[in-house]
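Along the sequence shown, residues carry numbers from 1.
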Amino acid sequence: MLKTKIQGLLLTGVALLMTTTGCAFTSVGPSMGILSIPIPVSPYFQGKAEDNAAEERYSKMKILDPIPAGRPHVAEDAPSDDQILRKFHEIHNVRGNFPGLFEVQHNNIRIVKEKVRDEVGDPIVIPLAGPVQIHQSHWKCKVYFTEVIRNGWPIPHTIKNEERMEVIYIDLDHAHRVGNVVSGDGG
C-alpha cells in the first residue's frame with residue numbers, strides 16, 4: 001500500500017515537472033496565448049524575403065548634398081560584403097544541392113576591393129530631383145575562396161579547389177545636388 005502511494009506521488013511529481021518545464025504555453029512576461037508558439041518558415045520564403053529586402057536597400061540611388069567648391073570629391077563608400085556576396089552567388093548558384101548526392105560549398109571567403117574609376121559628371125536635371133551631378137565609382141572586387149565539390153553517387157568522391165578566385169565589378173552611383181537649393185543660387 002505504501003509502495004503504491006510512493007509510486008503514485010512520484011508519477012504525479014514527474015508529470016507535474018514535465019508540464020511546467022520547456023517553453024510550450026509558459027512565459028515569464030505577458031502572454032500572447034496561441035500566438036506565442038513559433039511557426040517554422042520555409043527556407044524558400046525566407047530567402048525570397050531577404051532578396052526583396054536587399055533589392056529595396058540597394059536599388060535606390062542616393063541624393064547627397066552639393067560638392068563643396070574647390071574641393072575634389074572622392075567616393076569613400078566601398079561596396080558592402082553583402083552586395084559582393086549576392087553578386088557572387090548570382091554567378092555561382094549553389095542552390096539545388098542534394099545532400100549526400102551532390103554538394104558544392106564555398107569556404108574561406110576573402111574579399112579584396114579596389115577602386116577602378118571615380119568621377120563626377122556634368123550637371124543634369126532629373127525630374128522630381130532637380131539639378132544634380134551623377135557621381136560614378138566603379139569597383140573591382142576579387143573574391144578568393146575554397147570550393148569543395150562532394151559527389152556521392154555513383155562513386156563517392158570529393159574535389160577540393162583551394163585557390164579559386166572570382167573577379168566581380170560593381171558600380172556604385174549616387175547623385176549630388178547642384179548649387180544652393182535653399183537660396184536658389186545655381187553656382
Side-chain angles (χ1 to χ4, degrees), residues 41-99 102-151 157-187:
V41 177
S42 168
Y44 171 77
F45 293 113
Q46 180 179 353
K48 204 169 183 100
E50 288 176 3
D51 290 343
N52 290 342
E55 183 178 331
E56 182 178 319
R57 181 183 315 131
Y58 296 126
S59 66
K60 297 178 182 174
M61 181 183 282
K62 297 183 247 179
I63 300 178
L64 303 176
D65 291 333
I67 300 173
R71 259 198 308 167
H73 188 71
V74 293
E76 298 171 354
D77 294 336
S80 67
D81 291 346
D82 180 48
Q83 281 178 299
I84 296 167
L85 288 177
R86 285 188 177 277
K87 291 288 185 186
F88 176 77
H89 288 305
E90 285 178 16
I91 296 168
H92 295 278
N93 188 1
V94 295
R95 294 182 184 177
N97 285 341
F98 299 103
F102 180 76
E103 292 181 79
V104 178
Q105 298 176 348
H106 298 120
N107 302 328
N108 304 328
I109 294 177
R110 187 171 54 96
I111 300 172
V112 177
K113 304 168 191 171
E114 174 187 342
K115 192 185 310 184
V116 176
R117 195 173 94 197
D118 186 11
E119 62 184 30
V120 178
D122 294 331
I124 59 172
V125 176
I126 296 179
L128 300 176
V132 295
Q133 288 178 304
I134 304 296
H135 187 169
Q136 299 174 341
S137 61
H138 302 283
W139 294 82
K140 178 181 179 180
C141 306
K142 295 180 182 176
V143 180
Y144 297 95
F145 61 99
T146 301
E147 184 177 52
V148 179
I149 301 172
R150 289 189 177 92
N151 193 353
H157 65 281
T158 300
I159 300 170
K160 189 172 186 180
N161 298 326
E162 299 256 351
E163 299 178 6
R164 292 286 312 264
M165 182 190 71
E166 183 74 41
V167 178
I168 298 172
Y169 291 95
I170 294 182
D171 299 336
L172 294 180
D173 299 340
H174 59 271
H176 290 278
R177 287 180 282 160
V178 175
N180 188 352
V181 178
V182 177
S183 68
D185 181 22

Within this structure, what is the [atom1]-[atom2] distance for the pair [X] and [Y], rounded to the nearest 0.5 Å?
{"X": "Gln105", "Y": "Thr158", "atom1": "CD", "atom2": "OG1", "result": "9.5 Å"}
{"X": "Ile149", "Y": "Lys160", "atom1": "CD1", "atom2": "NZ", "result": "12.5 Å"}
{"X": "Ile170", "Y": "His138", "atom1": "CD1", "atom2": "NE2", "result": "12.5 Å"}
{"X": "Ile109", "Y": "Tyr144", "atom1": "CD1", "atom2": "OH", "result": "14.0 Å"}
{"X": "Glu50", "Y": "Arg86", "atom1": "CD", "atom2": "CZ", "result": "6.5 Å"}

I want to check something: taking the side chain as every heavy atom from C-beta on, are [X] and [Y] in contact at a cut-off of under 4.5 Å?
{"X": "Pro66", "Y": "His176", "result": "no"}
{"X": "Gln136", "Y": "Asp171", "result": "no"}
{"X": "Val167", "Y": "Met165", "result": "yes"}
{"X": "Asp77", "Y": "His174", "result": "no"}

May I ask you to decide if the ring planes of His92 and Phe145 are parallel, tilted or perpendicular, using 30° and 60° as cut-offs?
-> perpendicular
By side chain to side chain contact (heavy atoms under 4.5 Å, CB included) - contacts of Ile126 (at least two apart) =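 Result, side chain to side chain contact (heavy atoms under 4.5 Å, CB included) vs Ile126: Ile124, Ala129, Val132, Ile134.
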Set of residues satisfying salt bridge (charged side-chain N to carboxylate O under 4.0 Å, His left out) with respect to Asp118, sequence neighbours excluded | Lys115
Check the surroundings of atom CG in Asp122: do more than 12 heavy atoms from other residues, nucleotides or ligands lie under 6.0 Å from it?
-> no
Name all pairs fulfilling the salt bridge (charged side-chain N to carboxylate O under 4.0 Å, His left out) condition that reach into residues 135-151, sequence neighbours left out, sorted by first residue then second.
-> Glu147-Arg164
So, Lys113 side chain and Trp139 main chain: donor-acceptor pair closer than 3.5 Å or not?
-> no
